Amino acid sequence: MKIGYPCVNEAMDCSAANTFRLASYADERLVAAVTANLACLRRMLAWNVAQGLLFFRMGSGIVPFGSHPINTFPWQTHFAADFQVIGDYIKANNLRVSFHPDQFVVLNSPSVDIVQRSIQELIYQGSMLDLMGLDGTAKLQIHVGGLYGDRELALSRFAAVHATLPAAVKARVVVENDDRLFPLRDCLRLHAETGVPILFDNFHHECLNHGEPMAEALRLAAATWHPTADGVPMMDYSSQALGERKGKHADDLVDDQFRRFLQEFHGLDMDLMLEIKNKEASALRAVTILRELGLSVPAPNIPSPPLSLPPDPNAPPKVRRAKKAVSSE
DNA sequence: CGGGGTCAAGGGACA
DNA sequence: TGTCCCTTGACCCCG
């Protein structure tokens, strides 16, 4: 069981999400942003390895406008070596990685244009994993999409579009149960029809379900992953922010709640992405709890890293500006 | 120089 | 049909 967190490490002084406005697009800016993003990504991965966090969701914005027609720069070849170095590091340290294309990727949209742009975005994010030399266990996590007033039609459109995805993308796409529209049961139907693995989200399941007990839901979702082609099933873990709107993620990991949740596994192995607001802090806490419980978590730094990465004095200048002004100086 | 409006992109709830 | 929400960081304009 690997533990991870999404995209942002709040303890680090770099960002892998440097970008700029479409209106100010220029190849020079693109190169600068990607260079900074990849350098920061390397540092974050090395930080994670040192902390025993072996699962990580990379941000969608590594290449700004990565699937936008304005971006005609051959970043795939220009940064090929950089992606490969990162991929080698991931493999050498037994890391698990993924992307989560955001809400604009809607495969079941009735709009052909939106579907096409969505596929382009999947191709962009999948190609980064390809350039890293990672196999099909590195995933692209998406939602089913919209309801459009007809659940059956919405599901069948997803299946139809899924069938047309390029093989390289299809091998990586996994579908997540969501909290308002498509619960686990719908995802299971899609799996039966298309073979798409289900990335289970416990919090979404709590918000929307058909009465499946948590342990059963975990088992059902995990069974949709092919042990070798897809790897250990991934899941998202989070919990309700108390006193907030239903569906809002908690700010902190609640220890007892997490311990209780772990009891639902009954020996099942999954890689856990902690979607908690305070990011790596909660992920570290989760690792501590797993160790206290004697659950198998790979110890940090078992394989010696092929690169001596962090801190990287040769990292490009930080494009990011200081977080908070210090009152005096 | 810092605060805050805005940013490629979708869709649903609600009035 | 229009407004607000999700969810979030970061850009960058403007006072």
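Naming: A, B, ... by sequence-line order, numbering from 1 per chain. Treat the numbers as computed from the prediction; the structure is a model and nothing was measured.
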Under 4.0 Å between a side-chain N/O of [X] and OP1 or OP2 of [N], yes or no?
{"X": "R21(A)", "N": "dA8(B)", "result": "no"}
{"X": "R29(A)", "N": "dA10(C)", "result": "no"}
{"X": "S15(A)", "N": "dA10(C)", "result": "yes"}

Identified side chain to side chain donor-acceptor pair (under 3.5 Å) counterpart of D236(A) within the set H204(A), H205(A), R57(A): R57(A)
Counting Watson-Crick and G-U wobble pairs whose two distances are both under 3.5 Å, find the runs of 3 or more in a row that involve DNA chain C. B:1-7 with C:9-15, B:10-15 with C:1-6
Any donor-acceptor pair under 3.5 Å linking the side chain of R151(A) with the backbone of L181(A)? yes
Say whether, by atom type as modelled, one donor and one acceptor occur between the side chain of H249(A) and the main chain of E275(A) under 3.5 angstrom. yes
Applying ring-ring contact (aromatic ring centres under 6.0 Å, His included), name anything that partners [X], two or more places apart in sequence or on another chain.
{"X": "F79(A)", "result": "none"}
{"X": "F99(A)", "result": "none"}
{"X": "F104(A)", "result": "none"}

Between [atom2] on [N] and [atom1] on [X], what's the gap in Å once rounded to a whole number?
{"X": "F203(A)", "N": "dC6(C)", "atom1": "CZ", "atom2": "C1'", "value": "13 Å"}
{"X": "F20(A)", "N": "dC12(C)", "atom1": "CZ", "atom2": "C1'", "value": "14 Å"}
{"X": "Y25(A)", "N": "dC12(C)", "atom1": "OH", "atom2": "P", "value": "14 Å"}
{"X": "D201(A)", "N": "dT7(C)", "atom1": "CG", "atom2": "C1'", "value": "14 Å"}
{"X": "D179(A)", "N": "dC5(C)", "atom1": "CG", "atom2": "P", "value": "17 Å"}
{"X": "I276(A)", "N": "dT8(C)", "atom1": "CD1", "atom2": "P", "value": "11 Å"}
{"X": "N18(A)", "N": "dC7(B)", "atom1": "CG", "atom2": "C1'", "value": "16 Å"}
{"X": "N37(A)", "N": "dC11(C)", "atom1": "CG", "atom2": "C1'", "value": "14 Å"}

Quick one: sort the F56(A) and Y5(A) rings into parallel, tilted or perpendicular, breaks at 30° and 60°. perpendicular
May I ask you to say what S24(A) touches in the nucleic acid, namely base, sugar-phosphate or nothing, with a heavy-atom cut-off under 4.0 Å? sugar-phosphate
Among dG9(C), dC11(C), dA8(B), which nucleotide sits nearest the side chain of V8(A)? dG9(C)
Closest listed nucleotide, where the reference is the side chain of F65(A) and the choices are dG10(B), dC11(C), dA8(B): dA8(B)
Give me the distance, rounded to whole Å, that separates [N] from [M] when you measure between the [atom1] atoms they each carry.
{"N": "dT6(B)", "M": "dC5(C)", "atom1": "P", "answer": "15 Å"}
{"N": "dT7(C)", "M": "dC14(B)", "atom1": "P", "answer": "16 Å"}
{"N": "dA8(B)", "M": "dC12(C)", "atom1": "P", "answer": "10 Å"}

With a sphere of 6.0 Å drawn around NZ of K277(A), does it hold more than 12 non-hydrogen atoms of other residues, nucleotides or ligands? no
Among pairs that include at least one residue of residues 97-111 of chain A, which meet side-chain hydrogen bond (donor to acceptor under 3.5 Å, both in side chains), considering only residues two or more places apart or in two chains? H100(A)-E176(A)
From CA spacing to verdict: ring-ring contact (aromatic ring centres under 6.0 Å, His included), F65(A), Y124(A): CA-CA 10 Å; F65(A) 309 103; Y124(A) 147 59; over 10 Å; no
For nucleotides 11-15 of chain B, which of its nitrogen or oxygen atoms have a protein nitrogen or oxygen under 3.5 Å away, and what is each distance?
from, atom 1, to, atom 2, distance (Å)
dG11(B), OP1, S109(A), OG, 3.3
dG11(B), OP1, Y148(A), OH, 2.1
dG12(B), OP1, L147(A), N, 2.4
dG12(B), OP1, Y148(A), N, 3.1

Does the aromatic ring of F104(A) sit over the six-membered base ring of dG10(B), closer than 5.5 Å centre to centre and tilted less than 30°? no
